[in-house]
Protein chains: 2
Amino acid sequence: MALNLYQLKAFFTVAQTRNFTEAAKRLYLTQSAVSHSVGKLEKSAGDKLFNKSVNGLELTEAGKILYKACETVFCEIERAEEQLAAVKNMNLGVIRLGATVEFGTTLLVKYLKGFINNNPRVHIDFQFRHELLKPLLNEELDMIIDCSEHDAGELSKTPLFREEYAVIASPGFVRKHGIRTPLDLAGQNVLSMDKSGRWWGHFLNALPEAERPELSAVTEMNHIRAIINAAVEGLGVGFVPRYCVMKELKGKILVEVFPKLKLFEGNFYIYQKTKRAGLKRHRSLVAYLKNIKSTHLERA
Amino acid sequence: MALNLYQLKAFFTVAQTRNFTEAAKRLYLTQSAVSHSVGKLEKSAGDKLFNKSVNGLELTEAGKILYKACETVFCEIERAEEQLAAVKNMNLGVIRLGATVEFGTTLLVKYLKGFINNNPRVHIDFQFRHELLKPLLNEELDMIIDCSEHDAGELSKTPLFREEYAVIASPGFVRKHGIRTPLDLAGQNVLSMDKSGRWWGHFLNALPEAERPELSAVTEMNHIRAIINAAVEGLGVGFVPRYCVMKELKGKILVEVFPKLKLFEGNFYIYQKTKRAGLKRHRSLVAYLKNIKSTHLERA
DNA sequence: CGAGGAATATTAGTATAATTCATAATATTC
DNA sequence: GAATATTATGAATTATACTAATATTCCTCG
């Protein structure tokens with residue numbers, strides 16, 4: 001039989017991308033080369049590896065067996081390369097790190113400065129997107145920081161910190177409308193990511209029933225930055241992750257309307273493919289991120 | 001960097017054999033090809049992989065890293081091949097089974113008949129030698145059955161059964177010399193693998209001090225079969241593993257001199273490299289052998 | 001010390017297999 | 001059903017793995 005590594009690599013990439021052309025791009029090869037390689041692999045495996053269905057390529061039974069083998073084989077090779085690099089004081093490789101847009105562009109970049117300075121031989125590439133799970137499973141990303149819950153089968157899940165929300169407005173807005181208690185929000189203009197009420201629902205649920213205001217004037221904005229800037233302009237009251245407005249709160253162009261109210265929501269997690277979580281560079285980045293949690297964020 | 005499977009295979013085989021020429025033979029290549037491959041691998045790893053010392057080749061630090069990677073990589077590939085073969089109802093591969101000469105040539109072959117008949121798609125090759133550990137670590141053998149204790153670091157060790165010994169002689173010899181108790185052996189001709197007394201020591205130690213005979217006439221024979229045949233010929237009393245003489249005892253050409261004496265010695269174990277113990281064919285053979293233990297041997 | 005032997009390295013040529021280019025076949029979309 | 005995107009195929013090219021012959025190194029032993 002004698003499986004061949006080039007062919008396995010081509011197959012593995014196709015399996016991840018579900019697309020020969022895309023796989024060829026990732027491998028810096030032509031589509032033809034990838035097709036040939038997979039074809040040869042199928043011949044030596046003695047079985048088709050892909051079925052073409054309406055929703056693209058699917059792995060056959062034999063394909064699934066090979067896919068699993070590829071996962072460990074290529075991960076093991078990468079691990080060896082990393083260790084060799086360590087012995088030779090060379091670059092330890094790349095971590096392609098994904099995060100949500102707001103968190104990534106504001107906090108993450110800032111807090112990772114320390115890691116980047118202390119680990120010059122680990123290179124980090126960033127991808128800030130909303131869809132993070134798929135590229136992680138694709139191995140288009142190595143690690144993602146996400147506040148959604150993903151079912152962790154082949155994924156390793158490391159809790160980072162709880163996401164804290166805050167009700168914010170400009171100081172002028174609060175003064176002008178005399179907002180002191182949640183009930184004072186009734187009738188006030190409220191900035192929300194949705195019209196359905198789900199966005200502010202988390203806030204309302206944190207209150208005893210008697211203190212829940214009737215939110216009647218809702219302005220929809222589909223971007224958190226927009227809500228923050230609108231609040232700064234005194235256009236209304238916003239409900240946003242606290243970390244997004246740290247700077248505005250410090251600069252006093254925004255105030256926390258109910259500073260005593262603790263509004264926690266879902267956790268932030270680090271997700272990685274379990275196999276790849278063993279890489280040294282991955283482990284050290286995770287350790288660093290977990291440390292951040294206690295030193296910086298909870299204090300903030 | 002981009003490690004290459006052909007090169008890794010060559011390197012791995014050299015590391016196992018500690019010999020380029022021998023590795024080339026195993027791979028059905030020329031020594032030149034192996035040297036080229038290792039050379040290229042060293043170039044792409046950026047480091048020497050072997051040091052030449054007085055006692056042959058030794059792995060460098062980088063070499064050790066790669067060796068470990070190779071162990072998992074090639075085992076994983078073999079595992080995939082086995083699973084693919086299973087899907088396609090093809091041959092599941094080979095188990096190169098090692099065992100001690102006496103045990104292998106007599107009992108093992110006989111008891112494995114059932115496995116071989118029931119598993120026609122698993123091919124077993126046999127190697128009956130005295131030195132078993134080294135070829136196992138070499139991966140010249142996949143599995144060995146041995147009654148020595150080996151330190152099980154990277155080895156998986158499965159206890160099989162206890163080795164029982166017996167004092168045997170021809171019926172005529174026992175009658176002629178009137179041997180009833182161990183003390184009656186004093187002065188009788190005793191057949192032994194050694195002259196030093198270690199061989200019969202196990203027997204003597206099983207007796208209370210007062211009943212230990214003085215063995216004065218020792219005939220040395222360096223082969224168990226020889227001892228057995230000599231005993232059959234009435235040349236003396238032998239001390240041999242019980243399984244070796246089952247047939248002779250049944251055919252009454254030999255008798256157990258002290259049938260009530262239970263003479264146990266070391267255990268028989270199955271040893272495998274831990275990683276390779278995961279292969280399906282290995283697991284099923286081990287399961288079969290363990291079953292043999294309870295059904296056949298303990299009854300015997 | 002130096003010849004003989006055993007093991008590994010090197011060089012150059014050949015054979016093999018991987019990749020591309022061009023294009024055909026196939027499936028998808030509107 | 002034409003237009004588009006995707007995969008498969010065949011021939012030519014390129015890269016590289018392999019061999020044969022030979023050089024080098026290292027060890028052994030008279």
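Note on naming: letters A, B, ... go to the chains in the order of the sequence lines (proteins, then strands), and numbering restarts at 1 for each one.
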Practice problem: Go along nucleotides 11-20 of chain C 5' to 3' and tag each nucleotide: B for a protein heavy atom under 4.0 Å from its base, S when only backbone or sugar atoms are that close, - otherwise. | Solution: BB-----BBB
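Under a 3.5 Å cut-off, the side chain of A:Arg79 and the backbone N or O of A:Leu279 do not form any donor-acceptor pair. Of the possible polar contacts, none joining the A:Arg18 side chain to the A:Glu58 backbone as a donor-acceptor pair under 3.5 Å is found. Looking at A:Asn4, its side chain does come within 3.5 Å of a backbone N or O of A:Gln7 through a donor-acceptor pair.
The shortest side-chain heavy-atom distance between B:Asp146 and B:Leu133 does not fall under the 4.5 Å cut-off.
Only at 4.0 angstrom or more do the heavy atoms of residues 8-24 of chain A sit from any atom of DNA chain C, so none qualifies.
Counted within 6.0 Å of NZ on A:Lys157, heavy atoms from surrounding residues, nucleotides or ligands total more than 12; the atom is thus considered enclosed. For A:Lys25, the NZ atom counts as loosely surrounded, since its 6.0 Å shell holds 12 or fewer non-hydrogen atoms of other residues, nucleotides or ligands.
Residues B:Ser53 and B:Asn51 bring no donor and acceptor atom of their side chains to less than 3.5 Å of each other. Side chains of A:Asn19 and A:Thr17: a donor-acceptor N/O pair is absent below 3.5 angstrom, by distance only.
Taking the six-membered ring for Trp and the full ring otherwise, B:Phe11 and B:Phe50 have centroids separated by under 6.0 Å.
Take B:Glu140 and apply the salt bridge (Lys or Arg N to Asp or Glu O under 4.0 Å) test, not counting sequence neighbours, and it matches B:Arg26, B:Arg129. Qualifying salt bridge (Lys or Arg N to Asp or Glu O under 4.0 Å) partners for A:Glu131, counting only residues two or more places apart in sequence or in other chains: none.
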Could you list the protein-to-nucleotides 24-28 of chain D atom pairs, N/O on both sides, closer than 3.5 Å?
none

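Ion pairing between B:Glu78 and B:Arg281 holds under the 4.0 Å rule for side-chain N and carboxylate O. Salt bridge B:Asp47/A:Lys88: absent, no basic N to carboxylate O contact under 4.0 Å.
At D:dA8, one or more side-chain N or O atoms of A:Ser35 fall inside 4.0 Å of OP1 or OP2 (strictly under the cut-off).
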Quiz item: Pairing of DNA chain C as dot-bracket, 5' to 3': ( ) intra-strand, [ ] crossing, | other strand, . unpaired, with Watson-Crick or G-U pairs under 3.5 Å?
Solution: ||||||||||||||||||||||||||||||
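Within 4.0 Å of B:Leu27, counting heavy atoms only, lies no atom of the nucleic acid at all.
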